[in-house]
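Just below is one structure, and these are the notes that go with it.
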Amino acid sequence: MRYWLFKSEPSTWSWDDQVAKGDAGEEWDGVRNYQARNFMREMSLGDHGFFYHSQKDREIVGIVEVCAEAHQDSTTDDDRWDCVDIKAVKPVETPVTLDMVKADQRLADMKLVTNSRLSVQPVTEDEWKIVCEMAGI
DNA sequence: GCCAACGTTGGC
DNA sequence: GCCAACGTTGGC
């Protein structure tokens, strides 16, 4: 099992939107960045990820699960772009803000901190555990 | 709303 | 293949 982080602007696609899709899940489409796409290609069914709200909120708000491995992004005919499907697993007890992540030295290497523009990123097992603890999970 | 950082595009 | 120009993202 590997761990990831999915970033979204809540005004475009929020945690609530994701939860509304239930177990059917939803394509994580629209990614037009090779690094992010490559990470999605590495994902396996059942991998878990954090759902992060960028922009105004800047906090991790929920846990998601990969429910379909990488396939053609249905929003484009360009076969360079693949995406996975994810479904909401559960919300966090306490949102973990970007400030909280930055304040914890153990999380200093998270892509969220070092490469803020990357919209799909890998999370190490250690980082996963630490953030889950902070989130009250 | 601004701007820095980054990725992509296209001319040479 | 290099690099300048441009567009986009996201933190502040």
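Please read all numbers here as calculations on a predicted model, not as lab measurements. Residue numbers begin at 1 in each chain, while the letters A, B, ... track the order of the sequences. The basis for the numbers below is simple: all heavy atoms, side chains too, and nothing from hydrogens, waters or symmetry mates.
Non-hydrogen atoms lying under 4.0 Å from DNA chain C are contributed by A:L98, A:K102, all within residues 98-113 of chain A. Using a 4.0 Å cut-off on heavy atoms, the residues of residues 27-34 of chain A that approach DNA chain B are A:N33, A:Y34, listed by number.
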Could you tabulate the donor-acceptor pairs under 3.5 Å formed by side-chain atoms of residues 125-135 of chain A, not counting sequence neighbours?
{"from": "A:E127", "atom 1": "OE1", "to": "A:T124", "atom 2": "N", "distance (Å)": "3.0"}
{"from": "A:E127", "atom 1": "OE1", "to": "A:T124", "atom 2": "OG1", "distance (Å)": "3.3"}

Hey, can you pull the donor-acceptor pairs under 3.5 Å for the side chains in residues 27-36 of chain A, sequence neighbours left out?
{"from": "A:E27", "atom 1": "OE1", "to": "A:S74", "atom 2": "N", "distance (Å)": "3.4"}
{"from": "A:E27", "atom 1": "OE1", "to": "A:S74", "atom 2": "OG", "distance (Å)": "2.9"}
{"from": "A:E27", "atom 1": "OE2", "to": "A:S74", "atom 2": "OG", "distance (Å)": "3.3"}
{"from": "A:R32", "atom 1": "NH1", "to": "A:D73", "atom 2": "OD2", "distance (Å)": "2.9"}
{"from": "A:R32", "atom 1": "NH2", "to": "A:T75", "atom 2": "OG1", "distance (Å)": "3.2"}
{"from": "A:N33", "atom 1": "OD1", "to": "A:Q35", "atom 2": "N", "distance (Å)": "3.1"}
{"from": "A:N33", "atom 1": "OD1", "to": "A:A36", "atom 2": "N", "distance (Å)": "2.9"}
{"from": "A:Y34", "atom 1": "OH", "to": "A:R80", "atom 2": "NH1", "distance (Å)": "2.8"}

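You'll find the ring centres of A:H48 and A:F50 outside the 6.0 Å limit.
Heavy-atom contacts of chain A under 4.0 Å fall on DNA chain C between two terminal nucleotides, which in 5' to 3' order are C:dG7 to C:dC12.
Between A:E42 and A:R2 there is a salt bridge, since a side-chain N of the basic residue sits under 4.0 Å from a carboxylate O of the acidic one.
The strand DNA chain C forms stems, runs of 3 or more Watson-Crick or G-U wobble pairs with distances below 3.5 Å, at B:1-12 with C:1-12.
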#### Entry: Full working for side-chain hydrogen bond (donor to acceptor under 3.5 Å, both in side chains) between A:W13 and A:Q18
CA-CA 7 Å; A:W13 183 255; A:Q18 186 68 54; 2.9 Å; yes
### Task
Show your working on side chain to side chain contact (heavy atoms under 4.5 Å, CB included) between A:Y52 and A:S54 and close with a plain yes or no.
CA-CA 6 Å; A:Y52 176 83; A:S54 65; 4.0 Å; yes
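When all heavy atoms of A:D79 and A:Q72 are compared, the pair lying nearest together is CA-OE1, 3.3 Å.
The CD atom of A:Q55 sits 9.5 Å away from the NZ atom of A:K7 when rounded to the nearest 0.5 Å.
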